[in-house]
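The block underneath contains the structure these notes are about, expressed in structure tokens.
Scope of the values below: all heavy atoms of this structure, side chains included, with no hydrogens, waters or symmetry mates. Positions are given from 1 along the sequence. Please read these numbers as outputs of a predicted model, since none were measured by experiment.
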Amino acid sequence: MSTWRRQAPDGELLPKLKAWFDTGLGRQLVNEERALVKSALDGAFGHSLLELGLSGRTLTSCPEAIRRHYCLGPPLQRELGKNLDVLTGYADLPIATESQDVVVVHHLLEFIANPHNMLRELERITVPHGKLLIVGFNPLSLLGLKLHVLGRLSSDSVWQQHWLTISRLEDWLGLLGFRVERRWYGFHRLPFSKPEWLTRPPPLEPDSLRNLPMGGTFLLSATKYRVPVTPVRLRWMRDPMVNVRPLGAARQGTYKISE
């Protein structure tokens with residue numbers, strides 16, 4: 001059984017996360033994550049797209065083929081300036097089972113109390129053949145190393161998050177009935193806020209960099225394939241008939257047995 005690192009309460013965690021994502025480094029990271037999500041949603045369709053995250057930023061622009069896009073989060077996030085459609089915590093999502101065609105999770109699993117339980121909730125609300133996109137910090141990167149060191153240097157640092165590797169997430173998703181179809185990476189830069197580092201063009205085209213696992217952020221795109229098994233009665237099958245010998249004076253004959 002996994003033992004998870006204790007996370008700071010929302011009143012402490014959310015303002016600090018928002019402040020970090022408002023820095024030049026955080027803004028550049030989100031911009032590159034938005035590009036990854038936009039490409040991953042190319043061709044997605046359905047009725048509903050749900051976005052969850054603790055970064056204080058809206059990550060997704062809704063594709064034309066999806067009717068509705070809404071964001072969910074705790075009330076404090078709205079107070080900090082994020083536009084939310086549903087105010088709630090993440091322990092038990094107030095979302096109907098198998099109701100969401102696409103779910104986008106942005107820097108949530110690292111900071112939630114129990115990421116495994118959170119994934120179970122995400123599986124519950126996703127429709128069969130629906131898509132789940134997970135965006136998080138890549139522990140095996142320069143940015144991941146920097147945040148890891150910051151968390152170790154100070155016990156009250158916001159960077160006490162769970163370090164979830166891609167292979168670990170893929171194992172969990174497989175057990176929950178998902179098939180991972182994409183694993184992309186972004187932010188192939190030095191993790192410093194100096195403008196000259198953040199504005200310097202990358203050495204390769206974005207499409208080539210996505211497959212290099214040294215990026216500071218990752219995107220996993222998975223499709224849910226576990227479908228409840230429900231017996232289907234074929235139309236050409238007739239109701240069962242049986243010969244019975246009735247009691248009393250009734251005549252012997254063929255009777256239909258009601259189900």
Side-chain angles (χ1 to χ4, degrees), residues 2 4-8 12-40 52-60 104-112 115 118-119 133-173 180-222:
S2 298
W4 304 109
R5 302 190 68 186
R6 185 177 181 85
Q7 300 300 304
E12 178 184 349
L13 176 66
L14 295 180
K16 290 183 177 181
L17 279 178
K18 182 181 185 300
W20 188 86
F21 279 101
D22 284 341
T23 65
L25 179 60
R27 288 195 299 270
Q28 181 63 36
L29 179 74
V30 170
N31 288 338
E32 298 195 22
E33 289 172 339
R34 282 187 177 129
L36 291 177
V37 171
K38 182 178 180 180
S39 297
L52 310 92
L54 295 180
S55 69
R57 299 294 187 92
T58 300
L59 193 66
T60 309
V104 179
V105 182
H106 183 225
H107 295 296
L108 175 63
L109 296 178
E110 302 105 309
F111 299 100
I112 204 75
M118 186 74 249
L119 276 179
L133 272 61
I134 300 175
V135 179
F137 293 110
N138 180 11
L140 308 177
S141 67
L142 292 177
L143 177 60
L145 178 61
K146 176 184 177 180
L147 299 181
H148 181 75
V149 171
L150 290 175
R152 291 299 183 269
L153 291 178
S154 175
S155 59
D156 62 350
S157 171
V158 67
W159 305 113
Q160 301 294 330
Q161 72 272 31
H162 318 297
W163 289 110
L164 304 175
T165 62
I166 289 181
S167 60
R168 190 178 192 184
L169 288 173
E170 288 182 346
D171 288 342
W172 288 351
L173 290 170
V180 174
E181 297 168 337
R182 293 189 183 95
R183 51 188 70 77
W184 285 346
Y185 303 87
F187 199 78
H188 294 81
R189 301 173 183 272
L190 294 176
F192 303 115
S193 293
K194 293 183 178 181
E196 56 268 26
W197 289 108
L198 296 176
T199 58
R200 179 176 296 179
L204 298 173
E205 292 296 324
D207 290 347
S208 301
L209 287 174
R210 287 173 185 167
N211 298 315
L212 297 180
M214 296 85 72
T217 185
F218 69 83
L219 178 145
L220 285 181
S221 176

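Between the E110 side chain and the F137 main chain, a donor and an acceptor come within less than 3.5 Å of each other. With N138 contributing its side chain and G215 its backbone, the two residues share a donor-acceptor pair below 3.5 Å.
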Check the pair V135 / V37 against side-chain contact (heavy atoms from CB on, under 4.5 Å), numbers first and verdict last.
CA-CA 8 Å; V135 179; V37 171; 3.9 Å; yes
Report the C-alpha separation of R34 and K38 in whole Å, then their side-chain angles, then the decisive distance to 0.1 Å, and conclude whether the side-chain contact (heavy atoms from CB on, under 4.5 Å) test is met.
CA-CA 6 Å; R34 282 187 177 129; K38 182 178 180 180; over 6 Å; no
Just do the side-chain contact (heavy atoms from CB on, under 4.5 Å) check on E32 and L209 with the steps written out, would you?
CA-CA 11 Å; E32 298 195 22; L209 287 174; over 6 Å; no
Run the side-chain hydrogen bond (donor to acceptor under 3.5 Å, both in side chains) test on R210 and S39 for me, step by step, so that the C-alpha distance in whole Å, both residues' side-chain angles and the decisive distance to 0.1 Å come before the verdict.
CA-CA 11 Å; R210 287 173 185 167; S39 297; 2.8 Å; yes
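Nearest heavy-atom pair across F187 and L143 is CD2-CD2, 4.3 Å. Minimum interatomic distance between H162 and I112 (heavy atoms only, all atoms of both residues): NE2-O, 2.7 Å. Nearest heavy atoms, Q161 versus F111: CB-CE2, 3.5 Å. Heavy atoms only, all atoms of each residue included: G144 and W163 are closest at O-CH2, 3.6 Å. The minimum heavy-atom distance between L164 and W172, with the atom names listed, is CD2-CH2, 4.1 Å. Across W159 and L147, no two heavy atoms sit closer than the pair CB-O, 3.5 Å.
In this structure the side chain of L169 reaches within 4.5 angstrom of the side chain of L220, judged on heavy atoms.
Distance OH/Y185 to CG/L219: 10.5 Å, rounded to 0.5 Å. Residue H106 holds its NE2 atom at 10.0 Å from CG of L54, rounded to the nearest 0.5 Å. With rounding to the nearest 0.5 angstrom, the OG1 atom of T23 is 9.0 Å from the CG atom of L29. Here CD1 of I134 is found 7.0 Å from CZ of F218. Values are rounded to the nearest 0.5 Å. Note that CD1 of I166 and CG of D171 are 12.0 Å apart. Values are rounded to the nearest 0.5 Å. To the nearest 0.5 Å, atoms CD (E170) and OG1 (T165) are separated by 9.0 Å.
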